[in-house]
Amino acid sequence: MKLIMFSTRDDEKPAVNKWSIRNGVEVRTVKEDLTLDTVSLVEGFDGVCIQQRTDITNEAVYKRLSDFGIKQLALRTAGYDIINMDLAERYNMKITNVPAYSPRSVAELVLTQTMRLIRQFPSIERDMAEGDFRWSGRIAREIHTMTIGIIGAGRIGGTTARLFHALGATVIAYDPVQHDELRSILTYKESKTEVLAEADIVSLHVPLDSTTINLIDASALNVMRGGAFLINAARGPVVDTSALIESLQSAKLAGAALDTLTNEQNFFNQDLRGKVQTDKNLTLLMNMKNVLLTPHIGFYTTEAVQNMVDIALDNALDIIHLNRSVNEVV
Ligand code: NAD
């Protein structure tokens, strides 16, 4: 049994080696994405694992994979919109994803950024870098006196709620789907508006879909408490960035931490040193003393990477051996 893994990063290789030894299955890792130019690498392998941004829309790729006897494509990500599902079905190819790799990974980033925001680290660090070491007027609240509002209390939102509850904070949440096991640590509210109006810190954990685009727009920001903080580690377009910038500029909001931004594919995970930044909103946010930006690193922990690799390769084996997987997407 031999699998081939495309778009392999160096940091994934230890996880791949561990999985390979544990399962007695050879995994060849290559850096390239799966495209028409690289599909010939699959010849002689029994299964394929991928993780890429480039859509696989060319029918010839699916046909060649099928000609090589490939029955599956195992994605190492939750999203699978790079796949043309009609073409996959036409060539009898089963697609699997990794729906959850480590909710804790994103939840711990949210906790970190929240603590940094309430202690005013973004402005303190900038001022200190210029030689201003004064702290007068920079009094902070302690987390156990604060109310955390979670919008979207699923895997990541629920895990985030548990961390804040453990620190003694009051946690409230809005989610149309309520989970009984979370009731002991948070209070569900009937609407997003109630959460926005009551929380000192609002953290977003909804998927991006037609109901969540601009979920936090100018009117939602107006409902938030004066001096509140907003955290977005979900998806950029969930927040109307221009409205957020206005709210921060008018000091209605005390600060924001953003791990995702609209159009982030144009700048996150790229080395743009020495290049002129053309994204106006990114430039404005980077110049704000009460904003923390991170380049979509919520998912990026050793545990999450190991889980992505393990679950994706397990899915590939399940399809090859059993013709089914719990993580098959339809
Ligand atoms: P999940 O499906 O377990 O939870 C999402 C929750 O949002 C569900 O409970 C759902 O009912 C709720 N929801 C859907 N629409 C809503 C709405 N309009 N208002 C309120 N709640 C709504 O998903 P998850 O695993 O917790 O992931 C959440 C999101 O986090 C992902 O969709 C992804 O966008 C983001 N994410 C970010 C990173 C990162 O690196 N920053 C990593 C992984 C996931």
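Please read these numbers as outputs of a predicted model, since none were measured by experiment. Remember, it's 1-based here, ligands and their atoms both numbered in the order they're listed. All heavy atoms count here, side chains included; hydrogens, waters and symmetry mates do not.
- In terms of protein heavy-atom proximity, atom 26 (O) of ligand 1 is nearest to Ile156 N, 2.8 Å.
- A salt bridge links Arg138 to Asp127: one of the charged nitrogens lies within less than 4.0 Å of a carboxylate oxygen.
- More than 12 heavy atoms of other shown residues, nucleotides or ligands fall within 6.0 angstrom of atom CD in Glu181.
- Between Arg116 and Glu125 there is a salt bridge, with a side-chain nitrogen of the basic residue lying less than 4.0 Å from a carboxylate oxygen of the acidic one.
- Every atom of ligand 1 is numbered from 1 in the order shown, and the set under 4.0 Å from a heavy atom of Asp259 is 39 (C), 40 (O), 41 (N).
- At least one heavy atom of Ala233 sits less than 4.0 Å from an atom of ligand 1.
- Regarding atom 4 (O) of ligand 1, its nearest protein heavy-atom neighbour is Gly154 CA, 3.3 Å.
- Within ligand 1, counting atoms from 1 as listed, the ones closer than 4.0 Å to a heavy atom of Thr211 are 18 (N).
- Panel note: side chain Thr212, backbone Pro207; a donor-acceptor pair is recorded below 3.5 Å.
- Ligand-side atoms of ligand 1 in range of His296: 38 (C), 39 (C), 40 (O), 41 (N), range being under 4.0 angstrom from any heavy atom.
- Ligand 1 places these atoms under 4.0 Å from at least one heavy atom of Phe299: 39 (C), 40 (O), 42 (C).
- Closest approach of Ala60 and Leu36 over heavy atoms only: CB-CD1, 3.7 Å.
- In this structure, Arg90 pairs ionically with Glu59, as a charged nitrogen and a carboxylate oxygen lie closer than 4.0 Å.
- Using a non-hydrogen distance threshold of 4.0 Å, Pro176 registers as a contact of ligand 1.
- Here the side chain of Gln72 pairs a donor or acceptor atom with the backbone of Val48 at under 3.5 angstrom.
- Between the choices Pro207, Ser191, Pro103, Ala107, the shortest heavy-atom distance to atom 7 (O) of ligand 1 belongs to Pro207.
- Environment of CZ in Arg183: crowded, with over 12 heavy atoms of neighbouring residues, nucleotides or ligands closer than 6.0 Å.
- Here the protein heavy atom with the shortest distance to atom 15 (N) of ligand 1 is Thr212 CG2, 3.9 Å.
- Of the protein's non-hydrogen atoms, Val206 CG1, 3.5 Å is the one closest to atom 22 (C) of ligand 1.
- Summarising the local packing, CG of Asn269 is surrounded by 12 or fewer heavy atoms from other residues, nucleotides or ligands at distances under 6.0 Å.
- For ligand 1, the atoms sitting less than 4.0 Å from at least one non-hydrogen atom of Val177 are 11 (O), numbered in the order shown with element in parentheses.
- At the shortest separation from atom 8 (C) of ligand 1 among protein heavy atoms lies Asp175 OD2, 3.4 Å.
- Looking only at heavy atoms of the protein, atom 23 (O) of ligand 1 is closest to Arg155 NH2, 4.0 Å.
- Because its NZ or CZ atom is not both nearer than 6.0 Å to the ring centre of Tyr174 and within 45° of the ring axis, Lys189 does not count as a cation-pi partner of that residue.
- Using cut-offs of 30° and 60° for the angle between ring planes, the Tyr101 and Phe299 rings count as perpendicular.
- Among protein heavy atoms, atom 42 (C) of ligand 1 sits closest to Val106 CG2, 3.5 Å.
- Under the side chain to side chain contact (heavy atoms under 4.5 Å, CB included) test applied with Val61, the options Thr35, Leu73, Ile56 reduce to a single match, Ile56.
- Among protein heavy atoms, atom 28 (C) of ligand 1 sits closest to His205 O, 3.4 Å.
- Contact annotation for Tyr174 and ligand 1: heavy atoms of both the backbone and the side chain come within less than 4.0 Å of the ligand.
- The distance from ligand 1 to the heavy atoms of Tyr101 drops below 4.0 Å at these ligand atoms: 42 (C), 43 (C).
- Annotation: Asp209 places no N or O atom under 3.5 Å from an N or O atom of ligand 1; distance criterion only.
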